[in-house]
Every structure is written in C-alpha cells, then in structure tokens.
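Labels below follow one simple rule: chain letters A, B, ... track the order of the sequence lines, proteins then strands, and each chain is numbered from 1.
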Amino acid sequence: MEKRSADSQVKGVSTGTTILAATFKGGVVIGSDSRASMGGEYVSSKTINKVIQVHDQIFCCMAGSLADAQAVTKAAKFHLSFHSVQMETPPLVIAAASVLQEMCYKNREELQAGFITAGWDRKKGPQVYVVSLGGMLVGQPVTIGGSGSTYIYGYVDAKYKPNMSRDECLQFATNALALAMGRDNVSGGVAHLVVITETGVEHVVVPGNKLPKFHNE
Amino acid sequence: MLEETGPEWLSEEVKTGTTIIAIEFDGGVVLGSDSRVSAGASVVNRVMNKLSPLHDRIYCALSGSAADAQTIAEVVNYQLDVHSIEIDEEPQVRSAATLVRNISYKYKEEMSAHLIVAGWDRRDGGQVFATLSGLLTRQPFALGGSGSSYVYGFVDAEFRRGMSKEECQQFVVDTLSLAMNRDGSSGGVAYIVSIDEHGTEEKVVLGNDLPTFFDQ
C-alpha cells in the first residue's frame, strides 16, 4: 500500500518528523526528534537539531521540507532582531509567530514548511503558536506536528493537563516523542527538548537509549 | 449536464472508515468499535455495530470496505459452524482467525477489508489475532481502521499485561473516545464486547457517556 503523506511529495531532504510544544505553569517545553530522511528510505542525518532559536526566549520547530524551513527561519531571525532593536524591547512570541506566518502565507505556493513557535514574553507569559502549511496562525496550550504526530494525538489528548509542573511537562513531552519515534519510521534518533521560562532557557537532550521504554520494547 | 447523477453518496463506495480495537486481559478479551459508516463525506449509518460474532465465544471487528468485511464475516461464520460440528467441540480462536486469513489472502487484490479476530477458547484462553493483508499474527492487542493511527501512542503507553476485565473495558472505551475525537471517519457510539470462559457480554456506550478530555 502506498504511503500518502505531504512528505513523500517533498523534493530533496525532508524532515519526516515529530515536533511538539506544551505550556506548563510558568513556562513552555518545545521539542523534536533528530532524524532527517530522504524519501522515507535513507536517513541522511541522525542528529539534526530541529529546534531553532529565533530570539533569546523564543524558539521554533520546523516540519516539512528542511531547506524551506531553514530559509524561512533564517529570514525570520533577522526580521525579529531588527524588530526588537526598533521597539527597544524583546519581541513578543506572537510577533515571532506572525513573522513566520507572513512568510508562509505569501509564499504558500512555493513553500512546504510548517512551524511551531514557543516562548516566553513579559506580556502574556508562556505561549505556543502553530503556523500551518498554508499560513494559518493559531495559539494553543499544546500542539504537535510532523508525520510522527499522527500516532500521539490520542496520548496528548489524554495526558496533557494545563498548569503542570516543569518536571511533569518535561516527562510528558519526552514520553510523547518516544512514543511517536517508536511508531513512525521517519522519526527517530535523540529527543531535543528546550525548556523556556521567565528566568531563561535550558536545553535537554535525551539520547535514544535513555528514552522511556513502553511495554512492547 | 445531460445525466441525472443523483446524490453523491449513492455512487461513493461505502466504507467503515473506523476505529476498532481488541485487547487481551487475564482470562479473556475485550473488543471495541465505533459506529460510523461513511460514503465519501456522508455518514450513511451512525449506529452500525462493527463487532460481528463468528461463534459463541469468538468475535471479529470489521474495518475497510463495509461490503467486503461483512461478507468475510458471514462466510467465516458459516465455515466455523460446519467445522465445529465436524470436530464436535467449540472451535479454537486460531481456527477462526485462520479462516479469515485464508479469505483475506486469497482475495487480497480484489478486497479491501481488515478484520481483527478475538475470542476465548479452553486451550489458550483469551487471544487476539490480526489478519491485515492476509497475514496471521497473535498479539496482546490489535488496532485497526483509520482512527487507529491517532491512538497508537496512547495504547503503547497505557497497555499493561494482566489487566482485569473492568480495567480493560475502561481502557477500550477511553481509546475509542480519543480516536473518535480526532478521526473524521469515526464517531457515534462505542460498542464493547467482553468474552471470557463464562460467556459473552455486549455493551453500548452512548455518545454523551463517553469519557472527555482536557480540551472538551
């Protein structure tokens, strides 16, 4: 049976992937797997980092065509640093998401990339936004994306609770990534996680052999 | 337009785009399904029971093309009746699954149905078999249908061997509810069938009695 997905029509290197972001009490966790594949048969990189910093306390995750995503995030990073100089204040998370949205919408015919933006700002605290393929922007408490996300919709719906503690949320995100990597053959490698709070940013990397194991392993 | 084409649901193939699940517990099995049957974008039956009896303590769960799946179930039901008279005792779950597998494999190009076979027999207790595309494999749990993709993560995380019957029933209802919330081709009510050495119990959980989660 043919596997029909947006990734299989992407030319070149695609990040068949699993990305997610979730808010907890006082911050956000944003994370991804680390596999880049070509055509679903060859893993071109086992350790790619799909969590990109676009400003001090704003990160985004990319899914879809790797080339498109890198080009857009590079442009967005520049835009945002210019914007924050002009405003003389760190940019709002929604500003970062809007910059990505504008690019995705204006170039919707050529681009094939979706983003999750997460961060902390002084106005609204921790936030998560998702910019979908065509350029729609939606704010949500928790969101997942990429090919591996299909398998964890049920898990995220059942297990996410608003206002979790930092450690609970980190465990939730690690579990979700591990489950998706276990079922999706184009997601895998290590789990990259970033925890963003008012005080700063912390990177957590969970190597493959330290990921939580579930009953069938 | 010269032709009278009529409403599109008359010409679309009827599929049980669906969520089906079967889980083994200590002493039996629990099967569950949603109740939506769709033809393209229309729901042609919102209360169909996709859990079909093959014998007293053996059921199957239907998914894929509604016609194909129902036909396979009816044929195997007949074949099992004959077989159980011939051997003069209750058939094994593995026999039922093999009969389903034989049809699925022989007609794999023409048909598109996936049946999960589950039941209880005296020899091996509760068993669940998957017969996708004509393979035959025994598993502790099996998922199927379009809605199953969304709940693989949940089932992987929450399944434990040796659950009690009630825990298993609750687990099946939770899983079906999550899948029905995310899959457009699954919905309606949840049908649950529990099979153990004492017999078979059928239950329906109506839409408003289904468990809800944080975003509802």
Report summary line: Rounding to 0.5 Å, atoms NZ (A:K159) and CZ (B:F213) come to a distance of 9.5 Å
**Report entry** Atom pair OH (A:Y155) and CG (B:D156), whose distance is rounded to the nearest 0.5 Å
**Finding:** 11.0 Å
Query raised in the report: In terms of heavy-atom pairs under 4.5 Å with chain A, which of B:S177, B:P211, B:G153 leads?
Result: B:G153
Query - CZ/B:F159: more than 12 non-hydrogen atoms of other groups inside 6.0 Å - result: yes
Query - Closest contact, heavy atoms only, B:A157 versus A:F214 - result: CA-CD2, 3.6 Å
Report task. Flag yes if more than 12 heavy atoms outside B:Q139 fall under 6.0 Å of its CD atom; otherwise flag no. Result -> yes
Requested in this report: Select one option (side chain, backbone, both, neither) describing which atoms of A:A180 are under 4.5 Å from chain B's heavy atoms.
Outcome: neither
Requested in this report: Enter the distance from B:F154:CZ to A:L179:CG here, rounded to the nearest 0.5 Å.
Outcome: 11.0 Å
Report task. Sort A:V142 into side chain, backbone, both or neither according to what part of it lies under 4.5 angstrom from a heavy atom of chain B. Result -> side chain
**Report entry** Selection from A:N175, A:D157, A:V156, A:I152 maximising heavy-atom pairs under 4.5 Å formed with chain B
**Finding:** A:D157
Requested in this report: Go through A:Y153 and B:V151 one step at a time and tell me if the side-chain contact (heavy atoms from CB on, under 4.5 Å) criterion holds.
Outcome: CA-CA 6 Å; A:Y153 271 104; B:V151 290; over 6 Å; no
